Number of protein chains: 2
Amino acid sequence: MKHNRKEEIVIVAAKLFKEKGYSAVSMRDIAQQMDIKAASLYNHIKGKQEILSSLVLHVAREFTNSTQTITSQDGTALQRLKKLIEVHIDITLHHADAIAALNNDWMHLDGQDLLDFIAMRDQYEENFRNIIKQGIQTQQIKAKEPEVILFSILSTLRTLYLWNEKRGKLEVNVLKKELVAVLISGIV
Amino acid sequence: MKHNRKEEIVIVAAKLFKEKGYSAVSMRDIAQQMDIKAASLYNHIKGKQEILSSLVLHVAREFTNSTQTITSQDGTALQRLKKLIEVHIDITLHHADAIAALNNDWMHLDGQDLLDFIAMRDQYEENFRNIIKQGIQTQQIKAKEPEVILFSILSTLRTLYLWNEKRGKLEVNVLKKELVAVLISGIV
DNA sequence: CAGTTTAACTAACAATCGTTAGTTTTGTAA
DNA sequence: TTACAAAACTAACGATTGTTAGTTAAACTG
């Protein structure tokens, strides 16, 4: 099956991208990690760009779909926000390496892929922003600057992939509970 | 003065590094942005590595020194935490581009520079961690998992450089006040 | 077993990389 | 104006980059 081998390449590449970034990883680096020669990679993929766009767009779509689902179902702003945080944690734990590329290497996407990514990212943020605004309107959330709240929560969620390793003993459900509590109720 | 020209190079390079990352920016890119040829850069700097280490180590030292100062002065954990957030905001607003490199390109440092950076980063995190633990002991801070609190606040602060541009109208002191409130007291 | 596809290989390409050497221009001080 | 230093230039280097062409060995399919 071609698919398996291609997926292997993407997974291996993601690990390397996470450590050094897209530009600092050569096709020969990726090949070496798979115990083949660089030219052999091209039996399975079109080029380096395809590896990146496979990685980034796939996980970007997951985020976009999840957010759409949450905002289409009913629930208070706070319930939605909690769900959003939990979903973000789930996706991060399943695709830690891909999320590194999504965070740090998206700007190396080309042409339509780049436009698609930016559109998805903007839509995701807009959904997030609307939930917060809704929460402020219904007075579930303090009337702080919405952008500060959005930025604060989103920063934490986006960097979660880095802390996933250190997490170690912390159970997923405990992590969810603690993080939801800290982000929503603060620390005092 | 040699110093001025070298600083110009570092500033220009920082802006490019922020957009595409250290590895994706060539010496020719930097030179072009300064309207000179790449070879001319070497009249002022030793090489590409020196640009990176100037950028990263300088601002890393600022963070380390500020944290040391805060922990050496007396004050409750919460007062220290507040001060730490404010100082972090100040440094970020003054060195937004350098912080991009510090966050994303530190792994491309070489030899002793890399070791020095890691040591400073670890020390910074350890100081931060101790303040939080102190706060939990004195019951100023909720008895949540310290690592989750540390990770959450630090993620937000480290990503602040990205939101600095969008901040736009938001006054520095307003930003400080809002962010301190959100990070410490939560949003409900 | 024969025929065909899959996936590896070697070799090489044009482009670009960081950097060096040697030279010329520019600016300043006597 | 002459002398010197600073800072630009041209040209080129060896290494590495992503990628292609052509070939060979292994693995299915009839």
Side-chain angles (χ1 to χ4, degrees), chain A residues 1-57 100-101 104-114 117, chain B residues 1-57 101 104-114:
Chain A
M1 295 289 159
K2 228 178 186 179
H3 282 288
N4 284 340
R5 202 69 173 135
K6 175 177 171 180
E7 275 175 29
E8 267 188 73
I9 294 174
V10 172
I11 289 171
V12 165
K15 238 168 239 163
L16 295 176
F17 291 167
K18 183 181 177 187
E19 284 171 17
K20 306 198 297 174
Y22 175 77
S23 301
V25 174
S26 71
M27 295 300 278
R28 286 166 180 83
D29 290 334
I30 299 170
Q32 193 175 39
Q33 204 71 26
M34 300 196 64
D35 282 314
I36 58 177
K37 300 292 174 181
S40 306
L41 294 170
Y42 290 83
N43 286 319
H44 309 282
I45 52 158
K46 276 197 270 184
K48 199 184 177 189
Q49 275 287 327
E50 199 196 12
I51 299 179
L52 183 64
S53 63
S54 291
L55 263 176
V56 172
L57 293 185
N104 304 319
D105 292 318
W106 61 267
M107 72 285 281
H108 299 117
L109 287 170
D110 255 9
Q112 191 59 44
D113 287 340
L114 179 59
F117 171 80
Chain B
M1 296 288 157
K2 227 176 187 180
H3 282 288
N4 286 339
R5 202 72 173 132
K6 175 177 171 181
E7 275 175 27
E8 269 188 72
I9 293 173
V10 171
I11 290 171
V12 165
K15 238 168 240 162
L16 295 176
F17 291 167
K18 183 181 176 187
E19 285 171 16
K20 305 198 296 174
Y22 175 77
S23 301
V25 174
S26 70
M27 295 300 277
R28 287 165 180 85
D29 289 334
I30 298 171
Q32 192 175 39
Q33 203 72 25
M34 301 196 65
D35 281 316
I36 60 176
K37 300 291 174 181
S40 306
L41 294 171
Y42 290 81
N43 285 319
H44 310 282
I45 53 159
K46 276 197 270 183
K48 199 184 177 187
Q49 275 286 328
E50 199 196 12
I51 300 179
L52 183 65
S53 63
S54 293
L55 263 176
V56 172
L57 293 185
N104 305 319
D105 292 316
W106 61 267
M107 71 286 281
H108 299 117
L109 287 170
D110 256 8
Q112 192 58 44
D113 287 339
L114 179 60

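Remember, it's a predicted structure, so these values are computed and weren't measured experimentally. Chain letters run A, B, ... following the sequence lines, proteins first, then strands; residues in each count from 1.
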[X] side chain vs [Y] backbone, donor-acceptor pair below 3.5 Å:
{"X": "A:Ser40", "Y": "A:Ile36", "result": "no"}
{"X": "A:Lys37", "Y": "A:Arg28", "result": "no"}
{"X": "B:His108", "Y": "B:Gly21", "result": "no"}

Grab the [atom1]-[atom2] distance between [X] and [N] for me, whole Å please.
{"X": "B:Asp35", "N": "C:dT26", "atom1": "CG", "atom2": "C1'", "result": "17 Å"}
{"X": "A:Asn4", "N": "D:dC28", "atom1": "CG", "atom2": "P", "result": "13 Å"}
{"X": "B:Ile30", "N": "C:dC17", "atom1": "CD1", "atom2": "C1'", "result": "12 Å"}
{"X": "A:Arg5", "N": "D:dA26", "atom1": "CZ", "atom2": "P", "result": "16 Å"}
{"X": "A:Ile45", "N": "C:dT6", "atom1": "CD1", "atom2": "P", "result": "17 Å"}
{"X": "B:Lys37", "N": "D:dA12", "atom1": "NZ", "atom2": "P", "result": "15 Å"}
{"X": "B:Glu7", "N": "D:dA7", "atom1": "CD", "atom2": "P", "result": "13 Å"}

With a 4.5 Å cut-off on side-chain heavy atoms, are A:Ile51 and A:Phe17 touching? yes

Atom CE in A:Met34, atom CD in A:Glu8: separation rounded to 0.5 Å? 4.5 Å

Taking the side chain of A:Ile36 as heavy atoms from C-beta outward, which of D:dC9, C:dC9, D:dA8 is closest to it? C:dC9

A correct 5'-to-3' footprint of nucleotides 16-25 of chain D, with B, S and - meaning base, sugar-phosphate only and no protein heavy atom under 4.0 Å, is -BBBBB----

Please confirm whether the shortest side-chain N or O distance from B:His44 to OP1 or OP2 of D:dA8 is below 4.0 Å. yes

Taking salt bridge (Lys or Arg N to Asp or Glu O under 4.0 Å) as the definition, give me every residue that meets it alongside B:Lys18, ordered by chain and number, with sequence neighbours left out. B:Asp97, B:Glu165

